[in-house]
Amino acid sequence: MQTNIAEQYKNTALGQEADTILRSCVHCGFCTAHCPTYLLLGHEPDSPRGRIYLIKRILEGETPTQKTQLHLDRCLTCLSCMTTCPSGVDYMHLVDHARVHIEKTYTRSLGDRLLRAILAIVVPNPALFRLSL
């Protein structure tokens, strides 16, 4: 895939690694047959290939939107796409970098922030987790 990484990322380790990962994807579509969210929803942005395009647009300077955040959040990080990829795309690192970038640059809604804060407290605490069930 041809990329045109924005100047702000071009000379960073993140930008160079992401550029290498993006260039290795040939968009064959084998990943889509193994992605649970794509199989369930059937939308291209909810497939690994679609998320790669969204991440590419971010790295080329586009501001992340609520839709971009939603599609990246829907990824279960099951990595079944990586095991079927003939090009060996390191999808895991690409999505992780994109998620970190979005957390830094995009402000989630108040409800989303509250839900995430509650989950961050309840899930790692066995007593609170049992109580919530």
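Because the structure is predicted, anything quoted here is derived from the model rather than measured.
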Inset, instruction - Could you tell me which non-hydrogen atom of Tyr38 sits nearest to which non-hydrogen atom of His43, and how far apart they are? - result: CD1-O, 3.2 Å
Legend entry - Considering all heavy atoms, the nearest Tyr106-Pro64 contact: CD1-O, 3.7 Å
Inset, instruction - Tell me, please, which residues at least two apart from Tyr9 pass side chain to side chain donor-acceptor pair (under 3.5 Å). - result: His101
Inset, instruction - Report whether Leu79 and Ile21 are members of the same hydrophobic cluster (ILVMFWY, side-chain heavy atoms less than 4.5 Å apart, transitive linking). - result: yes
Inset, instruction - Go through Ser80 and Thr83 one step at a time and tell me if the side-chain hydrogen bond (donor to acceptor under 3.5 Å, both in side chains) criterion holds. - result: CA-CA 5 Å; Ser80 62; Thr83 60; 5.8 Å; no
Legend entry - Same apolar cluster (I L V M F W Y, side chains within < 4.5 Å links), Met92/Leu14: no
Inset, instruction - Please step through side-chain contact (heavy atoms from CB on, under 4.5 Å) for the pair Leu131 and Val122, ending with a clear verdict. - result: CA-CA 9 Å; Leu131 184 65; Val122 171; over 6 Å; no
Inset, instruction - Test His93 against Glu17 for side-chain hydrogen bond (donor to acceptor under 3.5 Å, both in side chains), laying out the working first. - result: CA-CA 9 Å; His93 285 102; Glu17 181 183 9; 4.6 Å; no
Legend entry - ILVMFWY network linking Ile118 to Leu128, side-chain heavy atoms under 4.5 angstrom: yes
Legend entry - Distance (rounded to the nearest 0.5 Å) between Ile5 CD1 and Ile58 CD1: 11.0 Å
Legend entry - Leu94 and Ile52, any side-chain heavy atoms less than 4.5 Å apart: yes
Inset, instruction - Please check if Leu54 and Ile102 belong to a single hydrophobic cluster, counting links between Ile, Leu, Val, Met, Phe, Trp and Tyr side chain heavy atoms closer than 4.5 Å. - result: no
Inset, instruction - Could you verify whether a donor N or O on one side chain and an acceptor N or O on the other, from Arg23 and Ser87, lie under 3.5 Å apart? - result: no
Legend entry - Contact check, side chains of Arg99 and Lys104, non-hydrogen atoms, under 4.5 Å: no
Legend entry - His34 NE2 to Leu39 CG distance, which is reported to the nearest 0.5 Å: 9.0 Å
Legend entry - Rounded distance (nearest 0.5 Å) linking atom NZ of Lys67 with atom CG of Leu72: 13.5 Å
Inset, instruction - Evaluate the side-chain contact (heavy atoms from CB on, under 4.5 Å) criterion for residues Arg74 and Leu70: first the C-alpha distance (whole Å), next the side-chain angles of each, then the deciding distance (0.1 Å), finally the verdict. - result: CA-CA 6 Å; Arg74 285 181 179 166; Leu70 174 67; 3.5 Å; yes
Legend entry - Backbone N/O of Asp46 and side chain of Arg51: donor-acceptor pair under 3.5 Å: yes
Legend entry - Pairwise side-chain contact, Phe30 with Pro86, heavy-atom cut-off 4.5 Å (strictly under): yes
Legend entry - Cluster overlap Ile121 with Leu114, hydrophobic side-chain contacts below 4.5 Å: no
Inset, instruction - Look at atom CD of Gln66 and say whether more than 12 heavy atoms of other residues, nucleotides or ligands are closer to it than 6.0 Å. - result: no
Legend entry - Backbone N/O of Gln16 and side chain of Thr20: donor-acceptor pair under 3.5 Å: yes
Legend entry - Shortest non-hydrogen contact between Cys25 and Val89, atoms and distance: CA-CG2, 3.5 Å
Legend entry - Donor-acceptor contact below 3.5 Å, side chain Arg108 vs main chain Arg113: no
Inset, instruction - For Leu59 and Asp19, run side-chain contact (heavy atoms from CB on, under 4.5 Å): C-alpha distance rounded to whole Å, both residues' side-chain angles, the deciding distance at 0.1 Å, then the answer. - result: CA-CA 8 Å; Leu59 291 171; Asp19 188 37; over 6 Å; no
Legend entry - Lys56/Glu60 salt bridge by N-O under 4.0 Å criterion: yes
Legend entry - Which atom of Arg49 lies closest to which atom of Gly29, heavy atoms considered: NH1-CA, 3.5 Å
Legend entry - Phe129 CZ: over 12 foreign heavy atoms closer than 6.0 Å: no
Inset, instruction - Evaluate side-chain contact (heavy atoms from CB on, under 4.5 Å) for His71 paired with Glu44, printing each intermediate quantity in order. - result: CA-CA 10 Å; His71 294 301; Glu44 182 69 18; over 6 Å; no
Inset, instruction - Write down the atom of Ser47, the atom of Cys35, and the distance for their closest heavy-atom approach. - result: CA-SG, 4.3 Å
Inset, instruction - List the atom of Met82, the atom of Asp90, and the distance in Å for their closest heavy-atom pair. - result: CE-OD1, 3.6 Å
Legend entry - Within-4.5 Å side-chain heavy-atom neighbours: Thr63 and Thr105: no
Inset, instruction - With the side chain counted from C-beta on, respond yes when Cys75 and Tyr91 share a heavy-atom pair under 4.5 Å apart, and no when they do not. - result: yes
